[in-house]
Amino acid sequence: MFISNNACLVPSSFWLTGIPGLESLHIWLSIPFSSMYLVAVVGNVTILAVIKMERSLHQPMYFFLCMLAVIDLVLSTSTMPKLLAIFWFGARNIDLDACLTQMFFIHCFATVESGIFLAMAFDRYVAICDPLHHTSVLTHAVVGRLGLAALLRGVLYIGPLPLMIRLRLPLYRTQIIAHSYCEHMAVVTMACGDTTVNNFYGMGIGFLVLILDSLAITASYVMIFKAVMGLGTPEARLKTLGTCSSHICAILVFYIPIAVSSLTHRFGHDVPPHIHILLANFYLLIPPILNPVVYAVRTKQIRERFLHILKAESQPK
């Protein structure tokens with residue numbers, strides 16, 4: 001139910017458009033999106049199962065990989081079921097509280113994932129620059145604390161976003177969100193009141209998370225490369241850098257889609273709306289799909305254990 005107030009509304013729910021401009025293709029779009037979601041779920045659950053079953057993988061890097069897998073499952077599941085419901089059943093309505101909850105989970109766990117990548121960069125730095133103390137510095141307890149710190153940072157940074165919308169922006173020009181999920185700016189731009197605080201807070205969090213985290217990760221790898229260049233032989237350098245290759249690939253898979261989506265949103269004023277929305281969905285889907293593939297292909301222990309499980313399952317009982 002809505003209450004009119006100077007052409008503004010007090011909504012109890014919103015209406016998601018899905019992919020605006022491509023409504024006639026929603027049923028066809030559901031095929032690649034549902035396939036990608038299935039691949040993401042199966043891939044990340046497989047990574048979790050393989051690491052749990054293989055005791056030799058109970059090391060800091062793989063514990064962080066488990067955290068990434070859980071985060072990717074949360075991120076993809078926060079958006080894809082609702083998007084597929086829109087595609088298949090036209091279920092566009094979303095309750096206000098459900099919308100704000102979805103917003104929190106999406107932005108919070110994207111922030112947590114960035115924090116885990118930062119922790120993984122620290123792990124690689126210690127492993128390469130101070131290998132003798134790696135096991136004493138990165139104990140299981142320390143790994144758990146780093147994961148908890150990343151989670152708490154996400155909650156503290158993102159928690160105010162839906163709260164400020166709930167408390168400061170009760171009136172909206174429309175209930176129609178031109179998006180497939182409750183993205184922060186998509187909701188804020190519909191509000192009737194002063195959104196300056198919301199806008200600056202959102203941009204500030206984006207700067208703190210994306211820019212500072214990426215700078216810290218870059219700094220750690222500069223020191224890693226300096227240490228690697230000091231090794232005696234090219235073979236030793238390549239072998240040492242090979243231990244970082246999966247992490248570097250995963251970082252690029254995470255940050256590049258976010259950067260492209262953000263730049264397109266900020267500066268691509270001539271880009272059609274459906275391109276904006278597709279890019280926003282891809283940056284939530286691409287890391288959950290590619291992270292398991294990257295680590296399965298680039299990490300010998302995971303690849304061998306996975307093939308061993310497949311062979312064991314395929315043999316007759």
Side-chain angles (χ1 to χ4, degrees), residues 14-52 65-95 98-99 101-114 116-117 154 177-184 186 249-258 260-262 264 273-297 302 306 310:
F14 290 115
W15 189 264
L16 295 168
T17 59
I19 311 295
L22 299 179
E23 287 84 357
S24 61
L25 299 177
H26 274 182
I27 193 66
W28 296 106
L29 287 171
S30 70
I31 297 173
F33 275 100
S34 60
S35 301
M36 288 189 289
Y37 179 51
L38 180 62
V39 170
V41 171
V42 171
N44 285 287
V45 169
T46 301
I47 288 289
L48 289 170
V50 168
I51 293 175
K52 181 178 185 298
L65 180 55
C66 285
M67 296 177 195
L68 279 185
V70 172
I71 292 165
D72 286 339
L73 286 171
V74 172
L75 275 176
S76 55
T77 303
S78 296
T79 56
M80 283 304 108
K82 182 61 180 177
L83 179 61
L84 293 176
I86 293 172
F87 287 164
W88 289 334
F89 311 114
R92 290 177 168 83
N93 190 67
I94 183 168
D95 183 75
C99 180
T101 301
Q102 184 189 54
M103 179 192 301
F104 170 78
F105 273 93
I106 292 169
H107 295 294
C108 175
F109 279 89
T111 302
V112 175
E113 184 155 6
S114 183
I116 295 300
F117 280 127
I177 301 176
H179 212 295
S180 59
Y181 58 84
C182 291
E183 195 268 336
H184 175 250
C249 290
I251 289 171
L252 295 176
V253 164
F254 178 73
Y255 283 107
I256 289 177
I258 290 181
V260 171
S261 179
S262 299
T264 304
H274 64 270
I275 299 297
H276 287 290
I277 308 306
L278 287 172
L279 286 173
N281 280 281
F282 286 150
Y283 100 70
L284 293 177
L285 264 181
I286 289 175
I289 292 170
L290 291 185
N291 281 344
V293 175
V294 166
Y295 278 94
V297 171
I302 293 178
F306 179 63
L310 288 180

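Values in this document were obtained by computation on a predicted structure and should not be read as measured data. Just so you know, these numbers use all the heavy atoms, side chains as well, and skip hydrogens, waters and symmetry mates.
- Here the closest heavy-atom approach between residue Phe87 and residue Ile27 is recorded as O-CD1, 4.3 Å.
- Here the closest non-hydrogen pair linking Thr17 and Glu23 is O-OE2, 4.3 Å.
- Considering CD1 of Ile51 and CG of Leu65, their distance stands at 4.0 Å, rounded to 0.5 Å.
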* To do: Determine, step by step, whether Leu48 and Asn44 satisfy the side-chain contact (heavy atoms from CB on, under 4.5 Å) criterion, reporting the C-alpha distance in whole Å, the side-chain angles of both residues, the deciding distance to 0.1 Å, and the verdict.
  => CA-CA 6 Å; Leu48 289 170; Asn44 285 287; 5.6 Å; no
* Asked: Where do Ile106 and Glu183 land on the side-chain contact (heavy atoms from CB on, under 4.5 Å) test, with the steps shown first?
  -> CA-CA 8 Å; Ile106 292 169; Glu183 195 268 336; over 6 Å; no
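- Ring planes of Phe282 and Phe33: parallel class, angle under 30° (limits at 30 and 60°).
- A side-chain contact (heavy atoms from CB on, under 4.5 Å) with Leu290 is found for exactly one of Val253, Leu252, Val39, namely Val253.
- Within the model, atoms CG of Leu83 and OG of Ser78 stand 12.5 Å from one another, a figure rounded to the nearest 0.5 Å.
- Once rounded to the nearest 0.5 Å, the distance linking CD of Glu113 with CG of Leu75 reads 6.0 Å.
- Remark: Cys66 SG to Ile47 CD1 distance equals 8.5 Å, nearest 0.5 Å.
- Residues Tyr37 and Pro81 form a side-chain contact, since some pair of their non-hydrogen atoms from C-beta on lies under 4.5 Å apart.
- Counted within 6.0 Å of CZ on Phe105, heavy atoms from surrounding residues, nucleotides or ligands total 12 or fewer; the atom is thus considered open.
- Under a 3.5 Å cut-off, the side chain of Ser34 and the backbone N or O of Ile31 do form a donor-acceptor pair.
- Shortest non-hydrogen contact noted between Val294 and Cys249 is CG1-CB, 3.7 Å.
- The two residues Phe109 and Ile71 come nearest to each other via the heavy atoms O-CG2, 3.3 Å.
- Inter-residue side-chain proximity for Phe89 and Leu84 is flagged as unmet; no heavy-atom pair is nearer than 4.5 Å.
- The distance from atom OH of Tyr181 to atom CE of Met80, rounded to the nearest 0.5 Å, is 8.5 Å.
- His107 places a side-chain N or O within 3.5 Å of a backbone atom of His184 that can act as its donor or acceptor partner.
- When all heavy atoms of Asn281 and Ile277 are compared, the pair lying nearest together is ND2-O, 2.8 Å.
- Closest non-hydrogen pair, Ile177 versus Cys182, comes out as CD1-SG, 4.0 Å.
- Distance CD1/Ile286 to CG/Asp72: 12.0 Å, rounded to 0.5 Å.
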